[in-house]
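To start, the structure itself, in structure tokens.
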Amino acid sequence: DAKTTQPTSMDCAEGRAANLPCNHSTISGNEYVYWYRQIHSQGPQYIIHGLKNNETNEMASLIITEDRKSSTLILPHATLRDTAVYYCIVRVQWAGNMLTFGGGTRLMVKP
Amino acid sequence: GAVVSQHPSWVICKSGTSVKIECRSLDFQATTMFWYRQFPKQSLMLMATSNEGSKATYEQGVEKDKFLINHASLTLSTLTVTSAHPEDSSFYICSATLDRGYTFGSGTRLTVV
């Protein structure tokens, strides 16, 4: 799995968009970008994933640069409940083995 | 959606005793389950991969005789922490694979006193 780099922490004002960056300069052509988040004392929760096109679902949007070396997860209207650690994971779509978690970004949404 | 039910949510035990954590897949069969451990302010670290009907595969540095994993059915995997010590205090999380994705249990916070 390709290595990812994320900021350790970020703050965001409630109601504003939260933009969480992830660098993955060694990503391979068949590797996807996955985002999970972990709210304090809970198990990780899937958010979104993509290969090269931008993706949007009810939770978030994923913007992947044209060279695929970086991506941004966007929470359009952050709420206090979005305070969590966000993990960017790069891997082939289905390898049947475990997910490897890096350090993630600790997002604090403030009122 | 697919749910993995993990119990207990938290447990406190005395040093030297054993604790069992259960992970059940609801409404789907989980051939493979993963067990993670997470210390405060750290990321999830894989402990072992559990396959139904066969022995678990442990990551380097994880004592298989201390962390007993049983995956006897397609809907249940258990992790037993034997002879628990305070340094085993941690957040334990299970995960199952389904439809080319991953779903996680809610975690178990173990405190050994």
Side-chain angles (χ1 to χ4, degrees), chain A residues 1-10 20 22-24 30-51 55 57-60 62 73 81 83-108, chain B residues 1-11 21 23-26 30-52 56-60 62 69 77 89-111:
Chain A
D1 299 345
K3 179 179 172 57
T4 61
T5 304
Q6 298 177 254
T8 303
S9 63
M10 292 182 64
L20 292 92
C22 180
N23 286 321
H24 33 78
N30 63 342
E31 289 183 315
Y32 286 68
V33 180
Y34 286 82
W35 284 84
Y36 283 76
R37 74 178 182 183
Q38 185 180 24
I39 295 170
H40 182 64
S41 293
Q42 295 184 24
Q45 174 190 24
Y46 167 82
I47 302 173
I48 199 168
H49 76 282
L51 181 63
E55 301 288 344
N57 63 21
E58 64 277 5
M59 290 183 68
L62 174 60
L73 178 74
R81 287 193 299 268
T83 292
V85 178
Y86 288 77
Y87 296 98
C88 170
I89 300 170
V90 173
R91 58 171 292 147
V92 295
Q93 186 174 28
W94 177 243
N97 57 358
M98 76 294 185
L99 280 177
T100 300
F101 290 84
T105 296
R106 188 172 298 273
L107 175 69
M108 178 73 73
Chain B
V3 174
V4 170
S5 177
Q6 185 172 345
H7 293 280
S9 298
W10 59 270
V11 57
I21 301 170
C23 189
R24 295 181 183 273
S25 57
L26 306 182
T31 305
T32 301
M33 286 192 179
F34 305 100
W35 287 94
Y36 294 83
R37 178 168 54 182
Q38 185 176 34
F39 292 106
K41 298 192 182 300
Q42 294 186 23
S43 189
L44 287 79
M45 296 297 294
L46 181 71
M47 299 176 65
T49 301
S50 162
N51 292 298
E52 186 269 336
T57 302
Y58 291 82
E59 295 299 300
Q60 190 172 9
V62 178
I69 291 174
S77 178
S89 298
S90 188
F91 192 56
Y92 293 85
I93 307 168
C94 64
S95 172
T97 58
L98 174 67
D99 294 336
R100 298 175 180 269
Y102 299 84
T103 186
F104 291 83
S106 55
T108 297
R109 183 160 303 284
L110 170 64
T111 302

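Contact between Y36(A) and P44(A) at its shortest, heavy atoms only, is CD2-CB, 4.3 Å. Among all heavy-atom pairs drawn from T4(A) and C88(A), the shortest one is OG1-O, 3.2 Å.
Here L46(B) is the residue among T49(B), L46(B), T103(B) with the most heavy-atom pairs under 4.5 Å with chain A. Heavy-atom pairs under 4.5 Å with chain A were tallied for Q38(B), Q6(B), K41(B); the largest tally goes to Q38(B). The candidate from S95(B), S106(B), G107(B) with the greatest count of non-hydrogen atom pairs under 4.5 Å with chain A is S106(B).
Between S90(B) and the options Q42(B), M45(B), R37(B), a side chain to side chain contact (heavy atoms under 4.5 Å, CB included) holds for only R37(B).
A centroid separation of less than 6.0 Å is found between the aromatic rings of F101(A) and Y36(B).
Interface remark: I93(B) contributes side-chain atoms only to the contact with chain A (heavy atom separation under 4.5 Å).
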